[in-house]
Protein chains: 2
Amino acid sequence: MTIKEVCSRFGISPDTLRYYERVGVIPEVHRTAGGIRDYTEEDIGWVETAACFRSAGMPIDLLVEYVRLYKEGSSTISARCELLKQARAHLLAEQQKCKEALKKMNYKISVYEKAVETGVLDWNNGACGCPCSAEQE
Amino acid sequence: MTIKEVCSRFGISPDTLRYYERVGVIPEVHRTAGGIRDYTEEDIGWVETAACFRSAGMPIDLLVEYVRLYKEGSSTISARCELLKQARAHLLAEQQKCKEALKKMNYKISVYEKAVETGVLDWNNGACGCPCSAEQE
DNA sequence: ATACTACCTGGAGTTCACTCAAAGTCAAGA
DNA sequence: TCTTGACTTTGAGTGAACTCCAGGTAGTAT
């Protein structure tokens, strides 16, 4: 599979894919005799994993370290397991932050929707624990 | 409340707080006669909101635009409402990406935990739809 | 054989969100 | 009053993650 096909499949630019390979977010990709990248299913699996974790905000370093350990072979299995658990903690923290932001956001939107109807913003902070006191008008 | 107290309350550096004010993520903060920032409850409300949304990955521009509209007064209420809905969509997308990454991560960890016990990595891709074919060893 | 397009590399440039430094001011304690 | 330490501004510097560019090669269509 060409780089272009992989790009359109995952919504990543060719520059980004080459960058990922260069810094080690994914292992070296298979090439044609002429030196052009020809992604195997295995390569694509790595790209999908990298794209998934990156889109969730996982830092590059962590993915690079994982690939480094992977290349070292089965002696690093437990190290990789620890790394993944650390990565999971990171993701759970991100998810929690999203949740909190969404809670706050939903409250703000509900107040604004009422205001769009009535023309008056009516914050009711104490009741919801949402710190919107700064926005009384 | 001094800048230091606000910082320790939200885990933000003084530089970051001043930066937020400078670029307009939060409105101008109240000052003492000597020109030193003295955060009111209202100011703190803005900081909390900014910190919450920023930690969830909301871009600075969006928050700046919201504050800009807020300062323009009640004529921008419906515009602000639209902006918040757009922001919510952004957060929901983030949350979804976290969820997908966690699903993949949990599968990988489960495989690795088994491998740490047995010493053998045993991917079972077809069964879970998880693209881990790149990591068979 | 000749275009033409997509790919290659190495390295420089960009964007975002801070973060730091320099030089000066404010405020409390000895 | 002097010192000390926290605050102020302006502007430059940093790190992460791309993104672009120049100059060259691969592969296909005519």
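Everything quoted here is computed from the prediction, not taken from an experiment. Numbered from 1 within each chain, the chains take letters A, B, ... in sequence-line order.
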Do you know the tightest heavy-atom contact between [X] and [Y]?
{"X": "A/Met105", "Y": "B/Leu84", "value": "SD-O, 3.6 Å"}
{"X": "A/Ala56", "Y": "B/Ala101", "value": "CB-CB, 3.6 Å"}
{"X": "A/Leu69", "Y": "A/Thr76", "value": "O-OG1, 2.7 Å"}
{"X": "B/Cys98", "Y": "A/Glu94", "value": "SG-CB, 3.7 Å"}

May I have the distance from [X] (atom [atom1]) to [N] (atom [atom2]), rounded to whole angstrom?
{"X": "A/Asp61", "N": "D/dC18", "atom1": "CG", "atom2": "C1'", "result": "14 Å"}
{"X": "B/Asp38", "N": "D/dT8", "atom1": "CG", "atom2": "C1'", "result": "15 Å"}
{"X": "A/Tyr19", "N": "C/dG10", "atom1": "OH", "atom2": "C1'", "result": "15 Å"}
{"X": "B/Leu17", "N": "D/dC7", "atom1": "CG", "atom2": "P", "result": "11 Å"}

Should the pair A/Glu48-B/Lys104 be classified as a salt bridge under the 4.0 Å nitrogen-to-oxygen rule?
->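 B/Lys104 and A/Glu48: salt-bridged.
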
Is B/Glu113 salt-bridged to A/Lys85, going by a charged N under 4.0 Å from an acidic O?
-> yes

Please step through side chain to side chain contact (heavy atoms under 4.5 Å, CB included) for the pair B/Asn106 and A/Arg88, ending with a clear verdict.
-> CA-CA 8 Å; B/Asn106 281 327; A/Arg88 177 168 58 186; 2.7 Å; yes

Between B/Tyr20 and A/Pro14, just flag the one whose closest nucleotide in DNA chain C comes earlier from the 5' side.
->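 Nearest nucleotide further toward 5': that of A/Pro14.
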
Going by number, which of [range] have a non-hydrogen atom under 4.0 Å from DNA chain C?
{"range": "residues 3-12 of chain B", "value": "none"}
{"range": "residues 82-102 of chain A", "value": "none"}
{"range": "residues 50-59 of chain B", "value": "B/Arg54, B/Pro59"}

Considering only nitrogen or oxygen atoms on both sides, find all protein atoms under 3.5 Å from nucleotides 9-13 of chain D and state each distance.
residue, atom, partner, partner atom, Å
D/dT9, OP1, B/Arg31, NH1, 3.3
D/dT9, OP1, B/Arg31, NH2, 2.9
D/dT9, OP2, B/Arg37, NH1, 3.1
D/dT9, OP2, B/Arg37, NH2, 2.9

Ring center gap for B/Trp46 and B/Tyr39 short of 6.0 angstrom = no

If you draw a 6.0 Å radius around NZ in B/Lys71, do more than 12 non-hydrogen atoms from other residues or ligands fall strictly inside?
-> yes

Who are the side chain to side chain donor-acceptor pair (under 3.5 Å) partners of B/Thr16, not counting sequence neighbours?
-> B/Ser13

Pairs in or reaching into residues 51-66 of chain A: which pass salt bridge (charged side-chain N to carboxylate O under 4.0 Å, His left out), with residues at least two apart or in two chains?
-> A/Glu65-A/Arg68

Judged by modelled atom types alone, do A/Gln86 and A/Glu82 share a side-chain donor-acceptor pair under 3.5 Å?
-> no

Side-chain H-bond candidate by donor/acceptor type, A/Arg80 with B/Tyr112, under 3.5 Å | yes

B/Thr16 side-chain N/O to C/dA17 phosphate OP1/OP2 under 4.0 Å | no

